[in-house]
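Structure first, commentary second.
First the proteins, then the strands, lettered A, B, ... as listed; each starts at 1.
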Protein chains: 2
Amino acid sequence: MEKAIEKLIRSGRKLTRPRLAILKFLSHQHAPISAQTIHDKTGIDLASVYRTLKLSEELRLANVEAMGNEKRYCLAAEPHHHITCRKCGHSETVRCNHVTEGLGNFTDISHQLTITGICDKCRK
Amino acid sequence: MEKAIEKLIRSGRKLTRPRLAILKFLSHQHAPISAQTIHDKTGIDLASVYRTLKLSEELRLANVEAMGNEKRYCLAAEPHHHITCRKCGHSETVRCNHVTEGLGNFTDISHQLTITGICDKCRK
DNA sequence: AACATAAATGCGAATAATTCGCAATTGGGT
DNA sequence: ACCCAATTGCGAATTATTCGCATTTATGTT
């Protein structure tokens, strides 16, 4: 989380109470989480949650994935992804060696790997 | 595309005109595309486009990624992903060896890798 | 080849997700 | 402690996605 806060400040933004609360909250999650849920759990205004998440995406403090019809976020800290059960939603962590240098004609690479499967509890 | 059609039929669904048109349209894209765009270009009713895309996601005929605030789809044909420029949106294809067998406690794996970067044209 | 019928479409209306506008507040420098 | 641009919170607006239902259409059967 420290890294995210640093980046935020280095970008010239203010480290506000809501932003800190959201980053802190995100840092405690073990699975990607939606704006609505962050709002529900932290009480921070939904529009502000969206603004912070959008900013976090831009500054790449957080990664996003499409789950159902909402976006879910997690801190882009250590190289990792999640694998999520398509039946029950249970998530586990998957380590990964991020590619960050270059790929083809592209530089400044960022990536998000969304993995789904069926977990052992759901496998009948 | 043939593979997608096969899967669709094997699932017991009808191979309808709109579904075929959408799959065909998707198969011609070189970058993931939104429901709205499919509707615009094919004239198929937006609700039907959504229904077909949702079904395609469920049957895993197509992969989805979150781009901006809409979902974008591409056929889940040969193992590949896209890398997209965060400035201009330009996409290129990235080959990949899909993991499909098992990962941790999970089976029946599906994954979607969303990669962004800055393309050479945008790199000043 | 026409028939029956469950599945799918198209349309309009509803809901959910996300963003906007603006007055009030606040973090970070001086 | 003061200033001021950045940010918040709220409500209203948009945009994305889904629903309900009458009509149409694939597909199996005669």
| task | Find out whether A/Arg13 and A/Leu55 are in side-chain contact, i.e. whether some heavy atom of one side chain is under 4.5 Å from a heavy atom of the other. | result |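 The answer is yes, as the side chains (C-beta and beyond) meet within the 4.5 Å cut-off.
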
| query | Is the closest side-chain heavy-atom distance between B/Ile38 and B/Leu26 below 4.5 Å? | reply |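 Answer yes - side chains close enough.
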
Over all strands shown, is [X] touching base, sugar-phosphate only, or nothing at heavy-atom distances under 4.0 angstrom?
X       : value
A/Arg51 : base
B/Arg13 : sugar-phosphate
A/Ser48 : base
B/Leu46 : base

| With nearest nucleotides of DNA chain C determined for B/Thr16 and A/Arg17 from heavy-atom distances, which residue corresponds to the more 5′ nucleotide? |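 It is B/Thr16 whose nearest nucleotide is closer to the 5' end.
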
| field | Along DNA chain C (nearest heavy atom to each residue), the more 5'-positioned of B/Ala47 and B/Asn69 | value |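 Checking each residue's closest nucleotide, the 5'-ward one belongs to B/Ala47.
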
| said: If you count every heavy atom of other residues, nucleotides or ligands that lies below 6.0 Å from B/Arg17 atom CZ, does the total exceed 12? | reply: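 12 or below, so no.
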
| Would you say the base of D/dT18 and the side-chain of B/Lys54 have a donor-acceptor pair closer than 3.5 Å? |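 Checked by distance alone, the answer is no.
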
I need the [atom1]-[atom2] distance between [X] and [N], as an integer number of Å.
X       : N      : atom1 : atom2 : result
B/His39 : C/dC11 : NE2   : C1'   : 11 Å
B/Leu15 : D/dT27 : CG    : C1'   : 11 Å
A/Arg19 : D/dG9  : CZ    : P     : 11 Å
A/Met67 : D/dA16 : CE    : P     : 22 Å
B/Lys14 : C/dA7  : NZ    : P     : 8 Å
A/Asp40 : C/dA16 : CG    : P     : 14 Å
B/Leu53 : C/dT9  : CG    : P     : 11 Å
B/Tyr50 : D/dA16 : OH    : P     : 7 Å

| message | So that I can tick it off, tell me whether A/Arg72 and A/Glu70 are bridged by a salt bridge, with the cut-off set at under 4.0 angstrom between side-chain N and carboxylate O. | response |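 Answer for the salt bridge query: yes.
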
| Heavy-atom closest contact (A/His39 atom, A/Asp45 atom, distance) |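 Heavy-atom minimum between the residues: ND1-C, 3.9 Å.
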
